[in-house]
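Working notes, structure below.
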Amino acid sequence: MTTRVWDYLPEYEKEKADILDAVEQVFGSGQLILGGSVKGFEEEFAAYHGAAHCTSVDNGTNALKLALEALGVGPGDEVITVSNTAAPTVVAILGTGAVPVFVDVREEDFLIDTDLVEAAITERTKVLLPVHLYGQSVDFAPLRALADRHGLKILEDCAQSHGARHHGDLVGTLGDAAAFSFYPTKVLGAYGDGGAVITSDRATDQALRELRYYGMEKVYYVVRTPGHNSRLDEVQAEILRRKLPRLDTYLEGRNAVARRYEAALGDLTGPGRLQLPGTNEGNTHSYYVYVVRHPERDRIIEALKAHDIALNISYPWPCHTMSGFAHLGYAKGSLPVTERLSQEIFSLPMYPSLPEAVQDRVIAALREVLASL
């Protein structure tokens with residue numbers, strides 16, 4: 001059987017009874033849309049983060065889009081973010097009519113280079129949108145200082161960083177609002193699509209609740225445009241409620257997998273060789289994906305196919321290089337670190353229920369391939 005970077009089936013086998021009971025509970029409840037499961041999950045997810053409010057939505061992309069709109073972003077505004085992110089970050093910005101403005105990232109951790117942000121701020125800038133990529137928080141203090149100095153809002157993209165911490169604080173609690181995805185691969189994943197926004201600002205939360213429900217303040221009466229139909233499904237909400245108490249256990253499992261990689265591959269690292277992910281001082285990593293780096297990335301991935309190991313690249317094409325975003329006007333070479341990293345990064349299998357025997361097979365095959373280069 002082919003080994004891949006993610007597989008939900010081992011976890012499902014452990015949690016099957018609880019997951020199926022969640023489905024049965026919803027189907028027997030008599031309410032399938034915006035019922036008790038959605039309300040309960042919103043309250044519990046907010047409480048986990050110590051946030052005042054949580055509004056759930058149908059997916060992580062709309063969590064970003066509606067959060068931007070709730071923060072006042074619209075046509076003609078600019079949102080500063082990075083290009084080495086999943087395309088939905090950029091799609092959400094464009095969906096508001098705003099313009100994404102890209103800054104480069106840091107070589108050592110792939111995260112937004114905060115030293116470059118101020119030069120990108122213009123009179124049209126409305127929001128800073130840092131991406132806590134791969135499960136690690138950005139260096140937040142400089143962003144907060146910039147936002148305060150220039151009167152900007154900060155929306156955290158936490159799609160990949162559930163449960164990660166920055167100097168003891170959970171990501172999602174550092175900015176003015178934070179968007180999460182519950183796509184099945186995520187650290188806290190549903191059995192379908194899902195998303196949410198947390199904030200401690202009541203007005204922002206009220207705007208979100210109206211935006212996700214056609215712009216309605218009450219049934220059939222629209223008070224805000226543009227409105228959307230963007231509600232989290234009751235079934236997914238109940239599944240997420242069941243899984244949320246296990247989030248810290250999932251995080252422990254992911255960190256255990258990371259430690260095993262570090263112990264088994266640490267002797268192969270160095271400049272021009274394999275580079276393993278690090279954890280910045282003050283951070284705790286959630287290891288959504290375990291991204292390594294090597295100048296011979298493509299040869300390694302191809303060679304591992306002979307061992308029936310199919311690895312992933314997150315992401316092979318920076319957003320500014322995609323033809324769908326060509327209208328943004330970024331030439332090749334405009335974000336040199338981002339572009340260089342995209343040629344060298346690849347992901348090893350990472351999920352909390354990854355069997356040790358499977359991880360050992362990946363490690364052995366990778367060592368064999370590296371030795372043959």
Side-chain angles (χ1 to χ4, degrees), residues 60-65 67-69 71-134 136-140 142-143 146-147 150 152-161 175 179 181 275 288-289 291 293 295 297-298 312-347:
T61 309
N62 280 337
L64 285 166
K65 182 175 183 287
L68 288 167
E69 291 178 350
L71 292 172
V73 172
D77 292 330
E78 293 178 347
V79 177
I80 294 176
T81 190
V82 292
S83 179
N84 69 326
T85 181
T89 306
V90 181
V91 169
I93 296 170
L94 291 169
T96 69
V99 178
V101 175
F102 298 125
V103 298
D104 215 342
V105 298
R106 305 195 305 191
E107 189 95 30
E108 63 272 21
D109 58 17
F110 318 149
L111 301 172
I112 190 169
D113 189 335
T114 54
D115 291 338
L116 303 178
V117 173
E118 188 157 30
I121 295 173
T122 73
E123 61 182 14
R124 295 168 59 191
T125 306
K126 201 69 168 283
V127 166
L128 307 181
L129 204 170
V131 180
H132 300 304
L133 195 70
Y134 304 149
Q136 178 162 216
S137 174
V138 304
D139 184 13
F140 210 84
L143 291 180
L146 283 172
H150 292 276
L152 306 175
K153 299 291 187 180
I154 300 179
L155 172 62
E156 299 174 68
D157 185 338
C158 297
Q160 302 187 9
S161 57
S181 168
Q275 295 184 43
Y288 167 58
V289 283
V291 176
R293 182 179 175 188
R297 184 268 311 279
D298 293 344
N312 189 43
I313 303 170
S314 296
Y315 300 93
W317 302 285
C319 291
H320 73 285
T321 68
M322 298 180 187
S323 60
F325 301 133
H327 65 285
L328 297 175
Y330 286 84
K332 184 177 180 181
S334 58
L335 301 172
V337 178
T338 295
E339 293 170 33
R340 182 164 58 254
L341 291 173
S342 72
Q343 300 299 310
E344 298 183 359
I345 56 175
F346 62 104
S347 303

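- In this structure the side chain of V101 never reaches within 4.5 angstrom of the side chain of R124, judged on heavy atoms.
- In this structure, the separation between CD on Q160 and OG1 on T85 is 6.5 Å, given to the nearest 0.5 Å.
- Between L111 and V138, the shortest heavy-atom distance links the atoms CD1-CA, 3.9 Å.
- A distance-only check finds a donor-acceptor pair linking the side chain of Y134 to the backbone of S314 [under 3.5 Å].
- Within the 4.5 Å cutoff, no side-chain heavy atoms of L152 are placed close to those of L146.
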Do any side-chain atoms of residues 321-330 form donor-acceptor pairs under 3.5 angstrom with protein atoms, and if so which ones, sequence neighbours left out?
{"residue": "T321", "atom": "OG1", "partner": "P318", "partner atom": "O", "Å": "2.7"}
{"residue": "Y330", "atom": "OH", "partner": "F102", "partner atom": "N", "Å": "3.0"}

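- Between I345 and I313, some side-chain heavy-atom pair lies under the 4.5 Å cut-off.
- Contact record, H132 with S161: CB-OG, 3.5 Å, taken as the closest heavy-atom pair.
- Interatomic distance, CG of L68 versus CG of L94, reported as 10.5 Å (0.5 Å rounding).
- Atom CD of Q136 sits about 10.0 Å away from atom CG of D139, to the nearest 0.5 Å.
- In plain terms, the two heavy atoms of L143 and P130 that are nearest each other are CD1-CB, 3.7 Å.
- Partner E344 forms a side-chain hydrogen bond (donor to acceptor under 3.5 Å, both in side chains) with one of R297, Q275, R293 and no other, that one being R293.
- Surrounding NZ of K126 are more than 12 heavy atoms belonging to other residues, nucleotides or ligands, all under 6.0 Å away.
- Within the model, atoms CD of E118 and CG of L128 stand 10.5 Å from one another, a figure rounded to the nearest 0.5 Å.
- Within the 4.5 Å cutoff, no side-chain heavy atoms of N84 are placed close to those of S342.
- No hydrogens or angles considered: a donor-acceptor pair under 3.5 Å links the side chains of H320 and S83.
- Atom-to-atom distance recorded for E107:CD and L341:CG is 5.5 Å, nearest 0.5 angstrom.
- When every heavy atom of I80 is checked against every heavy atom of V117, the shortest pair comes out as CD1-O, 4.1 Å.
- Contact record, L129 with D157: CD2-CB, 3.6 Å, taken as the closest heavy-atom pair.
- Looking at heavy atoms from C-beta onward, V103 lies in side-chain contact with I112 at the 4.5 angstrom threshold.
- Rounding to the nearest 0.5 angstrom, the gap separating the NE2 atom in H150 from the OG1 atom in T125 is 9.0 Å.
- The two residues I93 and V99 come nearest to each other via the heavy atoms CG2-C, 3.9 Å.
- Looking only at distances, a side-chain donor or acceptor of D104 sits under 3.5 Å from a matching main-chain atom of V337.
- Partners of E108 under the side-chain contact (heavy atoms from CB on, under 4.5 Å) rule, at least two apart in sequence or in another chain, are R106.
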